[in-house]
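In what follows, residues are counted from 1 in the order of the sequence shown. Side chains included, hydrogens not; waters and symmetry mates left out as well; all remaining heavy atoms used.
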Amino acid sequence: QIEVNKLSSICDLKIILTLILSLSLLFISACSSGSITLIYCAKLSWQISNDTNINRYRFMGRTATRHHKSYLYRYAGGLICMFESLQDIVSICETEGKKFWYAVLQDDVQERHITEQDSINTMKATWQAMLDADKDYDASLRSNSGLVGGDGAKMETYRQSTSDSLCGDFVLRVITGALQMGESNACMKRIVAAPTAGACGVLPAVLVPYYKLGKCSLDDIIHALYVAAGIGQVIAHRASISGAAGGCQEEIGSASAMAAGALTYLQGGNANQIAHSAAMALKNLLGLVCDPVAGLVEVPCVKRNVIGAV
C-alpha cells in the first residue's frame with residue numbers, strides 16, 4: 001500500500017508539473033505588432049493576426065492564409081490536414097475563386113514544402129504508373145491461391161466481340177479495366193494504391209479509358225487526380241481507408257467516391273457538384289464489410305473493384 005501511495009504521489013506530481021509548464025508557456029507568449037503567438041506544449045504554434053480581413057495560421061513555422069478562422073491546420077499524428085471536410089474545400093473554391101484541384105495542389109505544396117511543379121511531377125509519375133499497370137496486364141497469370149486471374153481477358157474479348165451491350169462500350173472498358181487491375185494486384189504485379197491496393201482498380205478503370213478515348217488532355221487527367229486525392233484525403237482524415245479497420249466500404253467506397261469526383265470534374269462539374277458526386281458514390285457503398293475468402297485480397301475484392309468503378 002505504501003508503494004502504491006508513492007507511485008500515486010509521483011504521478012500526481014508529474015501531472016502538476018506538466019500543467020505548470022503548459023500554463024507557463026502560454027503565459028510567456030508575447031503580444032507584439034498586433035499579433036498573438038500561442039505555444040502549446042512546445043509542439044503546436046499558431047500565429048493569429050488581428051487583421052480584420054485575413055487570419056494567418058502558423059504551424060511549426062508554416063503560415064497559411066485563410067479568410068475564415070475555420071480553416072485551421074490540425075495536428076494529427078504528425079500530419080498536417082488543411083481540410084476537415086469536403087465542405088472546407090468547396091468553401092475555399094467559392095470564396096477564393098479556386099478550382100477544386102488547385103486547392104488540393106496548394107495543400108500538397110504547403111504540407112510537403114515543395115514547389116507546385118514538384119507536386120505536379122509526382123502526380124504525373126503516379127499517372128504513368130497507372131498507365132503502365134494497365135498496359136502490363138498479363139492474362140496468363142494466376143494468384144497463388146488460384147482463385148484470381150484471366151477474367152479481365154475474357155471481359156476484353158467480350159467487349160471487342162459485341163456491339164449491342166446494354167452497358168455500352170465505355171462502361172465495358174471500365175469493367176474490363178477494374179478486373180484487370182484487381183487481378184494484377186492479386187498476382188503481385190505493380191499497381192497504384194488509390195487509395196489502397198485492394199481498391200487499386202477503381203480509379204484507373206474510370207480514368208484510363210476516358211483518357212485513351214481522347215476525351216481529355218494529360219493536364220485534365222492530372223487535375224482530376226488532384227480532385228480524387230483531395231476526396232481521399234478527407235475520408236482518410238475523418239474516417240479511415242483501411243478495410244481491416246472499417247470494412248470494404250472504406251476501400252472500395254472511398255475509391256468510388258474519388259473516381260466519381262474526378263469524373264465529375266472532367267465532365268465540367270464545379271466544386272459543389274464534385275462533392276455531391278463523391279457523396280452519392282460513397283453513400284451507396286456504405287455497409288460493405290471486409291470478408292475476403294481465406295483472408296486474401298481476391299474474392300470478393302476484385303469484383304468489388306468492378307462495382308465500385310461502375
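- Counting heavy atoms from C-beta outward, D169 and R159 have side chains that approach closer than 4.5 Å.
- A donor-acceptor pair is defined here as one N or O able to donate and one able to accept, closer than 3.5 Å; no such pair exists between the side chain of E250 and the backbone of S242.
- Criterion: ILVMFWY side-chain heavy atoms under 4.5 Å apart, direct or through other members. Under it, I191 and L147 are not part of a common hydrophobic cluster.
- Side chains of P292 and E298 form no contact here, defined as non-hydrogen atoms less than 4.5 Å apart.
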Test side-chain contact (heavy atoms from CB on, under 4.5 Å) applied to R112 and D118, step by step: CA-CA 10 Å; R112 297 199 290 133; D118 287 337; over 6 Å; no
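- The main-chain N or O of E84 is found under 3.5 Å from a side-chain atom of R238 such that the two form a donor-acceptor pair.
- Atom OG in S91 sits 9.5 Å away from atom CG in N272 (nearest 0.5 Å).
- The shortest side-chain heavy-atom distance between L266 and I221 falls under the 4.5 Å cut-off.
- I231 places none of its side-chain heavy atoms less than 4.5 Å from the side chain of L282.
- When every heavy atom of C248 is checked against every heavy atom of V289, the shortest pair comes out as CB-O, 3.4 Å.
- No more than 12 heavy atoms of other residues, nucleotides or ligands sit less than 6.0 Å from atom CG of N144.
- Distance check: L207 CG to L131 CG gives 10.0 Å after rounding to the nearest 0.5 Å.
- Listed here is the closest heavy atom pair of L296 and C301: O-SG, 3.9 Å.
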Chi angles and distances behind the side-chain contact (heavy atoms from CB on, under 4.5 Å) call for V208, M181: CA-CA 11 Å; V208 170; M181 199 67 72; 5.7 Å; no
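- A continuous path of ILVMFWY side-chain contacts below 4.5 Å connects I222 to I89, so both sit in one hydrophobic cluster.
- At a cut-off of 3.5 Å, with distance as the only test, no side-chain donor of Q273 or T264 sits close to an acceptor on the other residue.
- Panel note: side chain T126, backbone T122; a donor-acceptor pair is recorded below 3.5 Å.
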Criterion side-chain contact (heavy atoms from CB on, under 4.5 Å) on Y211 and W127, from CA distance to verdict: CA-CA 11 Å; Y211 176 71; W127 173 242; 3.7 Å; yes
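- Under the 4.5 Å side-chain heavy-atom criterion for Ile, Leu, Val, Met, Phe, Trp and Tyr, L218 and L203 are members of the same hydrophobic cluster.
- Atom NZ of K215 is separated from atom CD of Q267 by 7.0 Å, given to the nearest 0.5 angstrom.
- In terms of modelled atom types and a separation under 3.5 Å, the side chain of E116 and the main chain of Q106 share no donor-acceptor contact.
- Proximity of a side-chain donor or acceptor of S161 to a complementary backbone N or O of T157 within less than 3.5 Å is detected.
- Between A255 and A194, the closest heavy-atom pair is CB-O, 3.6 Å.
- Taking 4.5 Å as the limit, every side-chain heavy atom of Y102 sits out of range of all side-chain heavy atoms of C93.
- Atom CG of L105 is separated from atom CG of L225 by 12.0 Å, given to the nearest 0.5 angstrom.
- At least one donor-acceptor pair closer than 3.5 Å links the side chain of Q249 to the backbone N or O of G287.
- A 6.0 Å sphere centred on CG of L286 holds more than 12 heavy atoms belonging to other residues, nucleotides or ligands.
- Salt bridge R190/D136: absent, no basic N to carboxylate O contact under 4.0 Å.
- N185 contributes atom CG, which lies 8.0 Å from atom CG of N305 (distance to the nearest 0.5 angstrom).
- Residues M155 and L172 have side chains in contact (heavy-atom distance under 4.5 Å, counting atoms from C-beta outward).
- For the pair V192 and A129, the tightest heavy-atom approach, listed with the atom from each and the gap, is CG2-CB, 3.6 Å.
- Cluster annotation: L213 is connected to Y265 through the hydrophobic network of ILVMFWY side chains, with a link wherever side-chain heavy atoms come within less than 4.5 Å.
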Candidate pair F100 and I92, rule side-chain contact (heavy atoms from CB on, under 4.5 Å), full reasoning: CA-CA 8 Å; F100 194 108; I92 288 175; over 6 Å; no
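- Between H223 and W101, the ring-plane angle classifies as parallel under the 30° and 60° cut-offs.
- Note that CD of Q180 and CZ of R173 are 11.5 Å apart. Values are rounded to the nearest 0.5 Å.
- A distance-only check finds no donor-acceptor pair linking the side chain of D88 to the backbone of F83 [under 3.5 Å].
- D108 places no side-chain N or O within 3.5 Å of a backbone atom of V104 that could act as its donor or acceptor partner.
- In the displayed structure, I307 atom CD1 is contacted under 6.0 Å by at most 12 heavy atoms of other residues, nucleotides or ligands.
- No more than 12 heavy-atom neighbours from other residues, nucleotides or ligands sit within 6.0 angstrom of NZ on K99.
- Side chains of N121 and S119: a donor-acceptor N/O pair is absent below 3.5 angstrom, by distance only.
- L179 and V297 sit in two unconnected hydrophobic clusters of ILVMFWY residues. Membership requires side-chain heavy atoms under 4.5 Å apart, directly or through other members.
- Under the 4.5 Å side-chain criterion, counting only non-hydrogen atoms from C-beta, M258 is not in contact with V227.
- In terms of heavy-atom proximity, S184 sits nearest to Y137 at OG-CD1, 3.7 Å.
- Put simply, the side chain of Y210 reaches to within 4.5 Å of the side chain of F170, judged on heavy atoms.
- Panel note: side chain D220, backbone S217; a donor-acceptor pair is recorded below 3.5 Å.
- At least one donor-acceptor pair under 3.5 Å links the side chain of E183 to the backbone N or O of D151.
- Between S254 and P195, the shortest heavy-atom distance links the atoms CB-CG, 4.1 Å.
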